[in-house]
Chemist: 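Below is a structure I'd like to ask you about.
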Amino acid sequence: MDRVVKWSHGSDTICVLCNKAPESRNHLFFECDTSAQVWEYVVKGILKHEFTTIWSEIIHIISDKKREKMSLYCIRYAFQAVLYAIWRERNQIKHGEKMIPISTLKRVIEKGIRNKFSLVCKKRAKGMGELLQFWFSTRI
Ligand SMILES: [Zn+2]
């Protein structure tokens, strides 16, 4: 919305997830209290002390090729899953739908990730045999 307002004056730029701050990429991902809660729930167990809600730091983490393969895969997949879910939720609210409870959003994302990882394990992807186990071990 910080971009839209530049060509469409009078647009409502306030973040529809928290109604507290102007919406920008950095706000939505994940300076926003609401999206930060979801992000934290999904990745805190993997990132632990590295956990951050700052976009540039997240990009740095997911670009780190020295990180252990399974951990990197988990973080990257979780990142896109949360991004997609938050963006989708944001669009639905913008189109007049009621916001779903954060707890539901968390559970939907978690289930999606679990299903994906289960599939990767079943396909016996190289080096990913323990992916689901790894994921569960991070769910503290
Ligand atoms: Zn917000």
Side-chain angles (χ1 to χ4, degrees):
M1 283 313 295
D2 62 330
R3 292 190 203 173
V4 170
V5 78
K6 283 173 194 154
W7 46 262
S8 170
H9 294 280
S11 290
D12 193 2
T13 59
I14 207 86
C15 168
V16 293
L17 298 179
C18 67
N19 292 308
K20 280 183 204 157
E23 184 195 87
S24 63
R25 182 200 62 195
N26 287 3
H27 175 79
L28 210 51
F29 313 112
F30 297 97
E31 287 167 5
C32 174
D33 289 345
T34 307
S35 65
Q37 279 183 56
V38 178
W39 175 238
E40 180 171 357
Y41 174 78
V42 177
V43 300
K44 186 74 190 275
I46 315 172
L47 293 177
K48 299 187 179 84
H49 66 279
E50 286 179 283
F51 174 78
T52 174
T53 55
I54 300 164
W55 177 268
S56 59
E57 292 180 4
I58 298 167
I59 299 303
H60 184 77
I61 291 171
I62 63 171
S63 310
D64 181 9
K65 294 194 178 76
K66 289 194 291 281
R67 189 176 281 272
E68 194 271 317
K69 189 183 171 187
M70 206 138 52
S71 165
L72 188 60
Y73 183 89
C74 272
I75 299 161
R76 283 177 175 174
Y77 191 81
F79 177 64
Q80 71 84 23
V82 176
L83 227 66
Y84 175 78
I86 295 289
W87 185 245
R88 195 187 132 109
E89 185 60 19
R90 174 258 187 212
N91 289 339
Q92 282 175 343
I93 299 167
K94 281 250 175 216
H95 289 105
E97 282 185 48
K98 260 179 70 186
M99 190 172 164
I100 62 166
I102 294 180
S103 56
T104 309
L105 199 56
K106 287 175 180 172
R107 264 188 284 117
V108 169
I109 297 169
E110 192 175 28
K111 196 173 176 206
I113 294 173
R114 217 189 306 129
N115 287 345
K116 165 74 181 180
F117 289 1
S118 166
L119 218 74
V120 170
C121 282
K122 274 188 201 134
K123 282 183 178 166
R124 301 180 188 281
K126 197 162 175 270
M128 291 291 165
E130 315 283 299
L131 184 62
L132 200 56
Q133 253 172 285
F134 176 80
W135 172 251
F136 281 130
S137 75
T138 70
R139 307 309 294 156
I140 29 152

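Please read all numbers here as calculations on a predicted model, not as lab measurements.
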Chemist: Could you state the interatomic distance from CG (Asn115) to CG (Leu132), rounded to the nearest 0.5 Å?
Modeler: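 Answer for the CG-CG pair, Asn115 versus Leu132, is 9.5 Å.
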Chemist: Is the Phe117 to Phe134 ring centre distance short of 6.0 Å?
Modeler: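 No; Phe134 has its ring centre 6.0 Å or more from that of Phe117.
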Chemist: Please report the C-alpha distance between Tyr41 and Ile109 in whole Å, then the side-chain angles of each, then the deciding distance to 0.1 Å, and finally whether the side-chain contact (heavy atoms from CB on, under 4.5 Å) criterion is met.
Modeler: CA-CA 10 Å; Tyr41 174 78; Ile109 297 169; over 6 Å; no
Chemist: In Å, rounded to the nearest 0.5 Å, how long is the span from SG of Cys32 to CZ of Arg90?
Modeler: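 Nearest 0.5 Å value for the SG-CZ distance: 12.0 Å.
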Chemist: Does some side-chain heavy atom of Trp39 sit less than 4.5 Å from a side-chain heavy atom of Ile58?
Modeler: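 Result yes, sub-4.5 Å side-chain heavy-atom pair found.
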Chemist: Excluding sequence neighbours, so at least two apart, what forms side chain to side chain contact (heavy atoms under 4.5 Å, CB included) with Ile93?
Modeler: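 Residues passing side chain to side chain contact (heavy atoms under 4.5 Å, CB included) with Ile93: Val16, Leu17, Glu89, Met99.
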Chemist: Do any N or O atoms from the side chain of Ser35 and from the backbone of Leu28 form a donor-acceptor pair under 3.5 angstrom?
Modeler: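 Flag set: sc Ser35 to bb Leu28 pair under 3.5 Å.
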Chemist: Does Lys106, at its NZ atom, have more than 12 non-hydrogen atoms belonging to other residues, nucleotides or ligands within less than 6.0 Å?
Modeler: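 Atom NZ in Lys106 is crowded, with more than 12 foreign heavy atoms closer than 6.0 Å.
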Chemist: Would a hydrophobic clustering, with Ile, Leu, Val, Met, Phe, Trp and Tyr connected at side-chain separations under 4.5 Å, put Leu83 with Ile100?
Modeler: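 Linked within one cluster.
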Chemist: Could you give the distance from CZ (Arg76) to OG (Ser71), rounded to the nearest 0.5 Å?
Modeler: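 Output value for this atom pair is 10.5 Å.
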Chemist: Looking at Lys94, I'd like to know if its NZ atom is crowded, meaning that more than 12 non-hydrogen atoms belonging to other residues, nucleotides or ligands lie closer than 6.0 Å.
Modeler: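 For Lys94, atom NZ is crowded (more than 12 foreign heavy atoms under 6.0 Å).
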Chemist: Hey, what do you get for OG1 (Thr34) to NE2 (His27), rounding to the nearest 0.5 Å?
Modeler: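 Answer rounded to 0.5 Å: 7.5 Å.
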Chemist: Identify whether Leu131 and Leu72 are in the same connected component of the hydrophobic contact network (ILVMFWY, side-chain heavy atoms under 4.5 Å).
Modeler: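 No, Leu131 and Leu72 fall in different hydrophobic clusters.
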Chemist: Report the residues that fulfil salt bridge (Lys or Arg N to Asp or Glu O under 4.0 Å) with Arg67, sequence neighbours left out, ordered by chain and then residue number.
Modeler: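 With neighbours one apart ignored, the set is Glu50.
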Chemist: Taking atom CZ of Arg25 as the centre, does the number of heavy atoms from other residues, nucleotides or ligands within less than 6.0 Å exceed 12?
Modeler: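 Yes, because the 6.0 Å sphere around CZ of Arg25 holds more than 12 heavy atoms from other groups.
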Chemist: If Ile, Leu, Val, Met, Phe, Trp and Tyr residues are connected whenever their side-chain heavy atoms lie under 4.5 Å apart, and connections chain through other members, are Ile61 and Ile59 in the same group?
Modeler: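 Ile61 and Ile59: one cluster.
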Chemist: Taking atom CH2 of Trp55 and atom OG of Ser24, what is their separation to the nearest 0.5 Å?
Modeler: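 Going from the CH2 atom of Trp55 to the OG atom of Ser24 covers 11.0 Å.
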Chemist: Using the rule given for side-chain contact (heavy atoms from CB on, under 4.5 Å), can you reason through Thr104 versus Arg107, listing the C-alpha separation, both sets of side-chain angles and the distance that settles it, and then say yes or no?
Modeler: CA-CA 5 Å; Thr104 309; Arg107 264 188 284 117; 4.0 Å; yes
Chemist: Are side-chain heavy atoms of Tyr73 and Val120 found at a separation under 4.5 Å?
Modeler: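 Touching, per the 4.5 Å side-chain cut-off.
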Chemist: Between CD1 of Ile75 and CD1 of Ile46, what distance do you get to the nearest 0.5 Å?
Modeler: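 The distance works out to 5.5 Å.
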Chemist: Linking I/L/V/M/F/W/Y whenever their side-chain heavy atoms sit closer than 4.5 Å, directly or via other members, would Ile62 and Leu47 fall into one cluster?
Modeler: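 Linked within one cluster.
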Chemist: With a 4.5 Å limit on heavy-atom distance, are the side chains of Ile86 and Leu105 in contact?
Modeler: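 Side-chain contact under 4.5 Å: yes.
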Chemist: Under 4.5 Å between side-chain heavy atoms, counting indirect links through other Ile/Leu/Val/Met/Phe/Trp/Tyr residues: same cluster for Trp135 and Leu119 or not?
Modeler: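 Different hydrophobic clusters.
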